[in-house]
Amino acid sequence: MKELYSLVIVSLGVCVLAGKYSRELNEPSKADGGDVEFRISKLNQVWNKALRMQLSPVKQAELHSDLKIQEKAELQWKKWKVEGLDENGEKEAQIRRNFNVILAKLGMDGKRDTRPLENNSLKDHDIKDGDIFEDPKLDKLWNKAKSSGKFTEDELLNLKREFQHHKDKIHEYNILMDTVSRTEEIHKNVISPLEGDGKEQQVQQKHTELKRKMRDLNQGFARLRQLSHEGFVEDSEFREPRVIELWEAAKRANLSNDELDSLKEELHHFETKVEKHSHYQEQLELSHQKLQHVEALGDKQHIERNQEKYQTLAEKTREMGYKMKKHMQDLHNKISGQAHNEL
């Protein structure tokens with residue numbers, strides 16, 4: 001009975017992409033139980049449920065950006081499907097996987113696990129200093145770096161962001177690994193041999209991505225270990241972890257010097273965009289804290305004024321987050337496309 005329940009939950013999460021985009025699925029209504037924020041019903045359901053979970057403002061903005069990208073990808077895939085441009089189902093499998101990752105991050109994938117849910121509490125105040133990354137290797141390396149005396153305050157802040165980025169990558173890897181495991185379990189119940197062959201190919205694609213992500217994790221940890229022992233190089237090209245990761249991947253790809261120079265310039269522009277987005281995230285968090293303080297005082301006029309400022313800032317942060325993530329996706333595709341040519 002437990003296996004049947006898990007099968008139903010996972011199927012609900014992924015079957016929307018299985019081939020039939022009905023009018024009802026594409027045209028959400030108020031019956032979904034909240035505001036109509038997206039053009040696809042299931043995305044509205046996720047968004048409205050997430051709002052009830054009292055996520056932090058930054059996490060809400062991040063989720064909104066993820067759902068906007070998911071919406072664009074699913075609507076584009078719908079057109080491709082009609083035109084017969086996804087014959088092997090590779091794009092469909094990728095979109096389904098991305099949606100599963102979104103669900104898993106929120107704990108909506110039907111799996112009861114130990115992944116912590118984000119809330120409005122400030123983590124640095126809730127957990128002991130020295131044990132902030134929830135991974136023994138990362139915590140040990142961070143504590144050594146922090147007590148080494150090799151880093152200025154700004155450098156320690158940058159290093160901490162790289163550690164946090166690596167922690168997030170570990171979390172995403174665990175989600176993907178869990179998704180692959182559960183997908184394989186479901187495929188054991190497939191009756192049609194033809195359908196089974198197709199699903200087997202999708203599972204193989206996920207295994208390939210798992211290997212790639214594990215390789216990236218190993219390379220990322222090696223970089224953290226080197227940074228912790230040697231410190232930052234003065235002529236370091238970039239500061240933002242996501243940009244550094246893209247640049248390292250580009251250097252491993254089969255790119256000419258001219259192509260690398262062109263990409264380096266684009267990455268500098270992208271880094272500015274990432275930093276600006278991070279600044280808005282910080283301002284959004286501060287605005288939310290101020291709004292909570294004002295609401296506690298009960299001055300209606302003051303509350304309305306701060307609510308308006310907060311909503312404006314939230315919309316701007318969402319918009320910038322979407323553009324930043326879309327740009328990062330485009331850069332990743334450009335670099336990985338070049339990397340595939342090397343194979």
Side-chain angles (χ1 to χ4, degrees), residues 50 55-70 101-102 105-106 116 118-127 129 132-134 138 142 145-146 151-172 216 220 223-224 227-228 232-233 236-250 263-292 309-332 335:
L55 299 176
S56 70
V58 170
K59 286 297 177 183
Q60 278 190 21
E62 287 286 294
L63 173 62
H64 194 277
S65 299
D66 288 339
L67 291 175
K68 287 293 288 185
I69 289 175
Q70 182 73 16
V101 169
I102 292 173
K105 283 181 178 179
L106 294 169
E118 294 291 344
N119 52 43
N120 286 322
S121 62
L122 298 177
K123 284 188 174 181
D124 287 347
H125 294 194
D126 294 334
I127 50 184
D129 191 29
I132 59 177
F133 298 110
E134 301 168 14
L138 286 181
W142 166 250
K146 193 171 61 170
F151 302 93
T152 65
E153 285 189 21
D154 287 343
E155 287 175 336
L156 265 181
L157 194 59
N158 288 336
L159 185 63
K160 187 175 182 179
R161 282 156 60 195
E162 292 215 32
F163 271 79
Q164 182 62 47
H165 178 61
H166 189 79
K167 173 190 168 183
D168 293 340
K169 284 168 60 182
I170 292 174
H171 184 57
E172 290 188 8
D216 289 345
R223 171 180 165 76
L224 287 177
L227 278 177
S228 300
F232 287 95
V233 181
S236 179
E237 291 289 348
F238 304 102
R239 299 174 300 277
E240 284 291 334
R242 283 168 289 192
V243 184
I244 292 169
E245 186 178 15
L246 287 167
W247 177 239
E248 293 296 325
L263 184 63
K264 185 191 296 184
E265 184 176 349
E266 186 177 359
L267 285 173
H268 277 298
H269 290 304
F270 176 63
E271 184 171 57
T272 302
K273 188 180 293 186
V274 173
E275 290 174 338
K276 190 174 181 181
H277 177 239
S278 297
H279 172 73
Y280 268 84
Q281 285 182 316
E282 292 170 5
Q283 294 303 309
L284 179 64
E285 196 66 60
L286 290 173
S287 176
H288 182 254
Q289 292 173 10
K290 184 176 180 181
L291 177 59
Q292 287 182 315
K309 289 181 180 179
Y310 171 73
Q311 290 300 331
T312 300
L313 192 55
E315 287 296 324
K316 184 65 176 177
T317 306
R318 291 176 190 175
E319 180 186 350
M320 290 183 64
Y322 169 75
K323 290 181 178 178
M324 186 271 291
K325 289 193 173 189
K326 186 67 175 68
H327 193 175
M328 184 168 66
Q329 191 179 69
D330 293 341
L331 284 166
H332 178 77
I335 293 169

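Fair warning: this is a prediction, and the values are worked out from it, not measured in the lab. This chain uses plain numbering: 1 for the first residue, then up along the sequence.
Contacts of K309 classified as side-chain contact (heavy atoms from CB on, under 4.5 Å), with partners at least two apart in sequence or in another chain: R305. Considering only residues two or more places apart in sequence or on other chains, H277 meets the ring pair (Phe, Tyr, Trp, His ring centres under 6.0 Å) condition with none of them. By the side chain to side chain donor-acceptor pair (under 3.5 Å) test, E275 is found to be paired with R239, residues two or more places apart in sequence or in another chain being considered. For H279, the ring pair (Phe, Tyr, Trp, His ring centres under 6.0 Å) criterion is met by no residue, not counting sequence neighbours. Legend: residues meeting salt bridge (Lys or Arg N to Asp or Glu O under 4.0 Å) with K326, ordered by chain and number and at least two apart, are D330. Legend: residues meeting side chain to side chain donor-acceptor pair (under 3.5 Å) with K169, ordered by chain and number and at least two apart, are E245. The salt bridge (Lys or Arg N to Asp or Glu O under 4.0 Å) test applied to K276 returns no partner, not counting sequence neighbours. For the side chain to side chain donor-acceptor pair (under 3.5 Å) test, no residue two or more places apart in sequence or in another chain qualifies with K316. Applying the salt bridge (Lys or Arg N to Asp or Glu O under 4.0 Å) rule to E282 yields no partners; only residues at least two apart in sequence or on another chain are considered. Residues satisfying the side-chain contact (heavy atoms from CB on, under 4.5 Å) criterion with E155, sequence neighbours excluded, are F151, T152, F232. For Q283, the side chain to side chain donor-acceptor pair (under 3.5 Å) test picks out no residue, with sequence neighbours left out.
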Q: Begin from the C-alpha positions of R318 and E62 and carry the test salt bridge (charged side-chain N to carboxylate O under 4.0 Å, His left out) through to its verdict.
A: CA-CA 7 Å; R318 291 176 190 175; E62 287 286 294; over 6 Å; no
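Ring orientation note: the planes of H288 and Y310 are tilted relative to one another, at an angle of 30° to 60°.
Of the listed residues (M320, K325, E319), just one forms a side-chain contact (heavy atoms from CB on, under 4.5 Å) with K323, and that residue is E319.
Residue A50 comes nearest to L106 through the heavy atom pair CB-CD1, 4.4 Å, listed as atom of the first residue, atom of the second, then distance. The shortest non-hydrogen separation linking R242 to V274 is NH2-CG1, 3.5 Å. In plain terms, the two heavy atoms of L331 and L267 that are nearest each other are CD1-CD2, 3.9 Å. Listed here is the closest heavy atom pair of A61 and L284: CB-CD2, 4.3 Å. Looking at every heavy atom in both residues, L156 comes nearest to W142 through O-CH2, 3.7 Å.
Between T317 and V58 there is no side-chain heavy-atom pair separated by less than 4.5 Å. Inter-residue side-chain proximity for Y280 and S287 is flagged as unmet; no heavy-atom pair is nearer than 4.5 Å.
Interatomic distance, I69 CD1 to I102 CD1, rounded to the nearest 0.5 Å: 8.5 Å. Annotation: the span from K290 atom NZ to E285 atom CD amounts to 15.0 Å, rounded to 0.5 Å. Note: K264 NZ to E237 CD = 4.0 Å, rounded to the nearest 0.5 Å. Put simply, CG on L138 and CD1 on I132 are 9.5 Å apart, with the number rounded to the nearest 0.5 Å. Summarising the geometry, atom CD belonging to Q60 is positioned 11.5 Å from atom OG belonging to S65; distances are rounded to the nearest 0.5 Å. Between D168 atom CG and H165 atom NE2 the span is 7.5 Å, to the nearest 0.5 Å.
Each ring pair (Phe, Tyr, Trp, His ring centres under 6.0 Å) pair with one or both residues in residues 311-332, not counting sequence neighbours, appears once here: F270-H327.
Judged by distance alone, the side chains of N158 and E162 never bring a donor and an acceptor atom under 3.5 Å apart.
Taking the six-membered ring for Trp and the full ring otherwise, H166 and F133 have centroids separated by 6.0 Å or more.
Using a distance-only test at 3.5 Å, with no hydrogens or angles considered, a donor-acceptor pair links the side chain of E271 to the main chain of E240.
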